[in-house]
Every structure is written in C-alpha cells, then in structure tokens.
Amino acid sequence: MSDSFAQRLLDWYDRHGRKALPWHHDRNAYRVWVSEIMLQQTQVATVIPYYEAFMARFPSVHALAEAPVDDVLGHWSGLGYYARARNLQKAAQQVVTEFGGDFPADQAQLESLPGIGRSTAAAILAQAFQQRATILDGNVKRVLARHHAVDGWPGQTRVLNQLWDHAESHTPTERVRDYTQAIMDLGAMVCTRSRPGCDTCPLSSSCAAYAADEATRYPGSKPKKEKPEKSTWMVILEDPDGRVLLEKRPASGIWGGLWSLPELDPALESDELAEACERSLGLSCQDVTIQAGFRHTFSHYHLHIRPALIAARPQARVADDNDRRWLYRDEALALGLPAPIRTLLTDPGQTALL
DNA sequence: TATACGTGGCT
DNA sequence: TAGCCAAGTAT
C-alpha cells in the first residue's frame, strides 16, 4: 500500500462507499466502458435508467457494433453529448475488428478508441482489469485541489498537470479498483462542491484547505464569459395526413446525428418561410403560423427558438428521402429525437400547436 | 490553448 | 432565478 492517504480512503470506502450501482455487478470491460462513457459530465442518478435500458438492448460489444446507428442514438436521446453515442458505436466496431471483440488491457490502446481519453482509459483499467491506473474526473479534481490547496482553474494546463501529478502519487498498487471508486465517492458524497462534510472526512487531518478553513475556495472557478445569443426557425411541417417532416441532422454540431424538425435560416422574415421551405425542401406549402418563441440555454450560447407551423399541400414530396422522413408523432418518438424537439412535438401546453 | 458539445440538479 | 457545475473528449 502506498501512503496513508490511500489507506484512509479505503477504510472509509469499506464503510460508506457505493458498491451496488448497476455497473458494479457482472463487471466486465464492456459494461464498465459503457458506464464510464455515460457518466462523462453526467450525474449518476441521470445515468442509471439509461444504462439499464441500453444494456438490455445492447448486452455485448457485438450487439452494439451490429446495431443501426439510429437505434443507438435513440437509446441515448435525452442524455446529451450525442457524439458519445456515435463514438461508442464506432469504438465497439473497432474492438470487434481490431481486437477480436476483447477490450485491450492497455492504456494507449484504449485511448486509441474514439471517446476514450486518459481518465476513461484509466477507469476501465482499474475497474475492469484491476490494473494500477490513475483517473482524474471532476470529483477527484475537487478532492485533490482541496487536499493540496492547488490554486487556479483546472481548465488551465498548469493546474491540470499539478492535479494529475497528485493523483498519480496517491494511486496505490493494491486494491486500485476500490481506491478509484473510493476517491470518486468521497468527492460525490463528502467533499462536495458546496457544504462539504469536512467533519466526517477521512482526509481532513492532512487537508490543506481544511486547515485554512477554505475548502470551498478550491478548485478555482472558470473565468466567466458572455454567452452569445443565437436564433433559429424550427418548422413544424405537417402534411394532410397529420404527419410531421423530420430530418437527420449532420453528425457534427448540436444534436448531431439525431432526427429533428428542420431548421431554417434565422435571417428569414416570417412571410418568407413558406417559400424557403419550397426552395430548400422542394415541397409546396401554405398556411404559415408563427408560434411563441422560447429561449434554450446551452453550455456556450443561448438559442432563441422560433417555431413555425406550416401546412404542406397534398402529395408533397421531398428530396433526400434518406435524410428526411414524414412520420407520425408516435413513430417520431421512437427515433433519436432530442429532448427539446420532443417537447415541441408532444407538449401542446408549451406550443399550443399539436 | 480555447471552444464545442446537452441536460438536469443545485443554490 | 439565472448561473454554475457534473464520472471528459475531440478538434
């Protein structure tokens, strides 16, 4: 065992740690990997129901590799960061073709797979293979920034490198799987962002921030920047049968790869929408109704969404049948609709449309 | 190095 | 309540 830091953490874990999360049973590299990807920037309570449904549908790396991508995205819909889902399937296909269906127990080879970075590779090594490896997620950053009174925002390379150094130096050679879970659990349950439970923390006796009574000063906060305001038209094109036109979004950008209502150039005036639909979608429209807009806030900008209900004339046809489909709402919900668009389609209270 | 990428919980 | 943040990675 390395230092008393790790030992105190393990003793605490034995009494208070989380040991019955869904990915803790039937533990193998595939199950650990899926959980780690879902848990990136996403809280445990949010992940659990998605994880259960995902594993029921894609129980093995082969099942995931062979599935239609819309099926994978559909199971991810509502979780956010959809590149994770597309990368997940790409990586599954690579594991099958390049590694014979077995995840490599090697840091560099794991990192060669899309969506797996330094910390996720280490988590898989520790959790699935019980190999000594060092993780550094948000919880660990907070614990270490406080324990060593590391100044500055972890987004800065200098600060990040310091945290990695501390993380490496504390990683024990024995019980790495439990240690890795322990330091994350401590961050999630005791060394929380606000109101940390220093009174019950096993590390308080050596914690520099606690000694200075300044736990919440660490880690340093991100410099704040003004979020730009963007705007878009979202058109609810309805054909005489009551079907709605959806289009598959490009793989990059917001809601990448998901099916959503078509967007139109925000510079268009409302009386130009019908003509714009005819031009860009190749179908004839009538009866444009502008709905109340609403603002949606993302990590880096605000988006003002202006919904427009447009009736398509009978026998309307669109170009690009692969990328655009007329669908009844129930069918639409089975696809990878992102949550805000799903709300538009299903919540009459919000839009007074449907 | 900075920015893009989502959604939901917390204060 | 509006802003901050969460089991990070890719570009």
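Letters A, B, ... are given to chains in the order of the sequence lines, protein chains preceding strands, and every chain is numbered from 1. The structure presented is a predicted model; accordingly, all values stated were derived computationally and were not measured.
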Visitor: From C-beta outward on A/Gln40, which listed nucleotide comes closest to its side chain: C/dG8, B/dG8, C/dA7?
Guide: C/dG8
Visitor: Of all the nucleotides listed (C/dA6, C/dA7, C/dA10), which has the minimum atom distance to the side chain of A/Asn87?
Guide: C/dA10
Visitor: Please check the phosphate of B/dT7 (OP1 and OP2 only) for any side-chain N or O of A/Tyr82 closer than 4.0 Å.
Guide: yes
Visitor: Using the P atom in both, what is the distance from B/dT11 to C/dA7, to the nearest Å?
Guide: 14 Å
Visitor: Between P on C/dG8 and NZ on A/Lys141, what's the gap in Å once rounded to a whole number?
Guide: 7 Å
Visitor: Using a strict cut-off of less than 4.0 Å between a Lys/Arg side-chain nitrogen and an Asp/Glu carboxylate oxygen, indicate whether A/Glu229 and A/Arg295 qualify as a salt bridge.
Guide: yes
Visitor: A/Leu88 CG to C/dT9 P: how many Å, rounded?
Guide: 13 Å
Visitor: Among B/dT7, C/dC5, C/dG8, find the nucleotide with the atom closest to the side chain of A/Asp137.
Guide: C/dG8
Visitor: Tell me: CZ of A/Arg177 to C1' of C/dA7, nearest whole Å?
Guide: 17 Å
Visitor: Can you figure out which of B/dG6, C/dA6, C/dA7 approaches the side chain of A/Ile254 most closely?
Guide: B/dG6
Visitor: Examine C/dA6: is either OP1 or OP2 under 4.0 Å from a nitrogen or oxygen in the side chain of A/Arg142? Give yes or no.
Guide: yes
Visitor: I want to know whether A/Phe298 and A/Tyr301 have ring centres closer than 6.0 Å.
Guide: yes
Visitor: Among B/dA4, C/dA7, B/dG6, which nucleotide sits nearest the side chain of A/Met184?
Guide: C/dA7
Visitor: B/dG6 phosphate, OP1 or OP2: any side-chain N/O from A/Trp76 under 4.0 angstrom?
Guide: no
Visitor: Is there a side-chain polar atom (N or O) of A/Gln41 under 4.0 Å from OP1 or OP2 of C/dG8?
Guide: yes
Visitor: Taking the six-membered ring for Trp, is the centroid-to-centroid distance between A/Trp76 and A/Tyr50 below 6.0 Å?
Guide: no
Visitor: Decide if the gap between the ring center of A/Phe58 and the ring center of A/His75 is smaller than 6.0 angstrom.
Guide: yes
Visitor: Between C/dA7, B/dT7, C/dG8, spot the one nearest the side chain of A/Val44, thanks.
Guide: C/dA7
Visitor: Would you classify A/Gly187 as touching base, sugar-phosphate or nothing, given that sugar-phosphate means primed atoms plus P, OP1 and OP2, and contacts are heavy atoms under 4.0 Å?
Guide: nothing
Visitor: Between P on C/dG3 and CZ on A/Arg193, what's the gap in Å once rounded to a whole number?
Guide: 15 Å
Visitor: So which one's nearest nucleotide on DNA chain C is more toward 5', A/Leu39 or A/Leu113?
Guide: A/Leu39
Visitor: Need one value for A/Gly78: base, sugar-phosphate or nothing, where a base atom within 4.0 Å counts as base even if backbone is also close, heavy atoms only.
Guide: sugar-phosphate
Visitor: Kindly say whether, by distance alone, the side chain of A/Ser299 makes a donor-acceptor pair under 3.5 Å with the base of B/dG6?
Guide: yes
Visitor: Under 4.0 Å, counting only non-hydrogen atoms across every strand here, what does A/Ser252 touch: a base, just sugar-phosphate, or nothing?
Guide: nothing
Visitor: When all nucleic acid strands are considered with a 4.0 Å heavy-atom cut-off, which category describes A/Leu21: base, sugar-phosphate, or nothing?
Guide: base
Visitor: Could you tell me how far apart A/Glu36 (CD) and C/dA7 (P) are, to the nearest whole angstrom?
Guide: 12 Å
Visitor: On the side chain of A/Thr42, is there an atom forming a donor-acceptor pair with the base of B/dG6 - under 3.5 Å, no angle test?
Guide: yes
Visitor: What integer distance in Å separates A/Leu79:CG from C/dT9:P?
Guide: 16 Å
Visitor: Of all the choices, B/dG6, B/dT3, C/dA7, which nucleotide is nearest to the side chain of A/Ala188 once you look at every atom?
Guide: C/dA7
Visitor: C/dC4 and B/dA4: how far apart are their P atoms, nearest whole angstrom?
Guide: 16 Å
Visitor: Using distance alone, with no hydrogens and no angle criterion, decide if A/Thr232 and A/Glu263 have a side-chain donor and acceptor under 3.5 Å apart.
Guide: yes
Visitor: If you assign A/Tyr301 and A/Gln156 each to the DNA chain B nucleotide with the nearest heavy atom, which residue ends up on the more 5' nucleotide?
Guide: A/Gln156
Visitor: With a 4.0 Å limit, can you tell me whether A/Lys225 has a side-chain N or O closer than that to the phosphate oxygens OP1/OP2 of B/dA2?
Guide: no
Visitor: Classify the ring geometry of A/Phe5 against A/His170: parallel below 30°, tilted from 30° to 60°, perpendicular beyond 60°.
Guide: parallel
Visitor: Starting at the 5' end of DNA chain C, which residue's closest nucleotide do you reach first, A/Lys224 or A/Pro114?
Guide: A/Lys224
Visitor: Just compare B/dC5, C/dA7, B/dT11 and give me whichever is closest to any side-chain atom of A/Asp185.
Guide: C/dA7
Visitor: Verify side-chain hydrogen bond (donor to acceptor under 3.5 Å, both in side chains) between A/Trp259 and A/Asp70, making sure each step is shown before the conclusion.
Guide: CA-CA 9 Å; A/Trp259 290 85; A/Asp70 280 352; 3.0 Å; yes
Visitor: Expressed as a whole number of angstroms, how long is the span from A/Arg18:CZ to C/dA7:P?
Guide: 9 Å
Visitor: Could you tell me how far apart A/Glu226 (CD) and C/dC4 (P) are, to the nearest whole angstrom?
Guide: 10 Å
Visitor: Centroid-to-centroid, A/Trp255 to A/Tyr82, below 6.0 Å?
Guide: no
Visitor: Students often get this wrong, so: under 4.0 angstrom with heavy atoms, is A/Leu136 touching a base, only sugar-phosphate, or nothing?
Guide: nothing
Visitor: Taking only the side-chain heavy atoms of A/His296 (C-beta and beyond), determine which of C/dC4, C/dA10, B/dT7 contains the nearest atom.
Guide: B/dT7
Visitor: By nearest nucleotide on DNA chain B, pick out whichever of A/Gly256 and A/Arg195 is the more 5' one.
Guide: A/Gly256
